[in-house]
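Order of listing sets the numbers, starting from 1, for every ligand and every atom in it. Sequential numbering from 1 along the given sequence is applied to the chain's residues. Because the structure is a prediction, the values reported are computed rather than measured.
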Amino acid sequence: MGRVLFHSLGEQEQNLIVKAMEARERAYAPISKFQVGAAILSDENEVFTGVNVEISSFSPTICAERNAIFSFYATGARNFRAIAIYGTAEGTYPCGVCRQVIYELSPNCKVFIIYSKDHIEVESIADLLPHGFRWEEV
Ligand code: THU
């Protein structure tokens, strides 16, 4: 969808951006050194954060986005409308697995990609995951 200015965002979305940036400091990435923070904005305007956590046998490693979403689910809450992502590389977009999770749980979700506080891109999850899978009984 394009670039947005931090100061043009509403209070809730500004808070979301700040929380994702702060979360990156708490990432646990001893293997890749690639730190990622994510934050999701609930429909009740609460923010939940997540960080990537790396494990040396690799497959248990979890991305920041899924960590944020699954922690939110653990509270019993379900509805969120935006996610912000801040990674070590400028412009860290969600991996394919996280795109599926975001799409399945919040098909109209806004995705903020934070390059810096002065450079934020916003996308819709449907654009990031064209023809996303939805399970239907056959
Ligand atoms: N990672 C995330 O947490 N989110 C992304 O969107 C991309 C990748 C993590 C997984 C791994 O710990 C590290 O970044 C390098 O791939």
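- At a threshold of 4.5 Å between side-chain heavy atoms, the hydrophobic network of Ile, Leu, Val, Met, Phe, Trp and Tyr places Val36 and Val111 in one connected group.
- Residues Val51 and Asn67 come closest through the heavy atom pair O-ND2, 2.8 Å.
- At least one heavy atom of Pro94 sits under 4.0 Å from some atom of ligand 1.
- For ligand 1, the polar-atom distance check finds an N/O of Ala64 within less than 3.5 Å of one of the ligand's N/O atoms.
- Contact between Gly87 and ligand 1 is absent, with no heavy atom of the residue lying under 4.0 Å from the ligand.
- Ranking the protein heavy atoms by distance from atom 12 (O) of ligand 1 puts Glu54 OE2, 2.6 Å first.
- Atom 9 (C) of ligand 1 has Asn52 ND2, 3.5 Å as its closest protein atom, hydrogens excluded (heavy atom only).
- Looking from atom 15 (C) of ligand 1 to the surrounding protein, the closest heavy atom is Ser32 OG, 3.7 Å.
- Taking any N or O of Glu65, backbone or side chain, at least one lies under 3.5 Å from an N or O belonging to ligand 1.
- Considering CD of Gln35 and OH of Tyr28, their distance stands at 12.0 Å, rounded to 0.5 Å.
- For the residue pair Ala23 and Gly50, the shortest heavy atom distance occurs at CB-O, 4.0 Å.
- There is no side-chain donor-acceptor pair under 3.5 Å between Arg66 and Asn52.
- To the nearest 0.5 angstrom, Ser124 atom OG is 11.0 Å from Ile102 atom CD1.
- Nearest non-hydrogen protein atom to atom 8 (C) of ligand 1 is Cys63 SG, 4.2 Å.
- Closest approach of Thr49 and Lys19 over heavy atoms only: CG2-O, 3.9 Å.
- At least one heavy atom of Cys95 sits under 4.0 Å from some atom of ligand 1.
- Applying the 4.0 Å criterion to heavy atoms of Thr61 picks out, from ligand 1, the atoms 12 (O).
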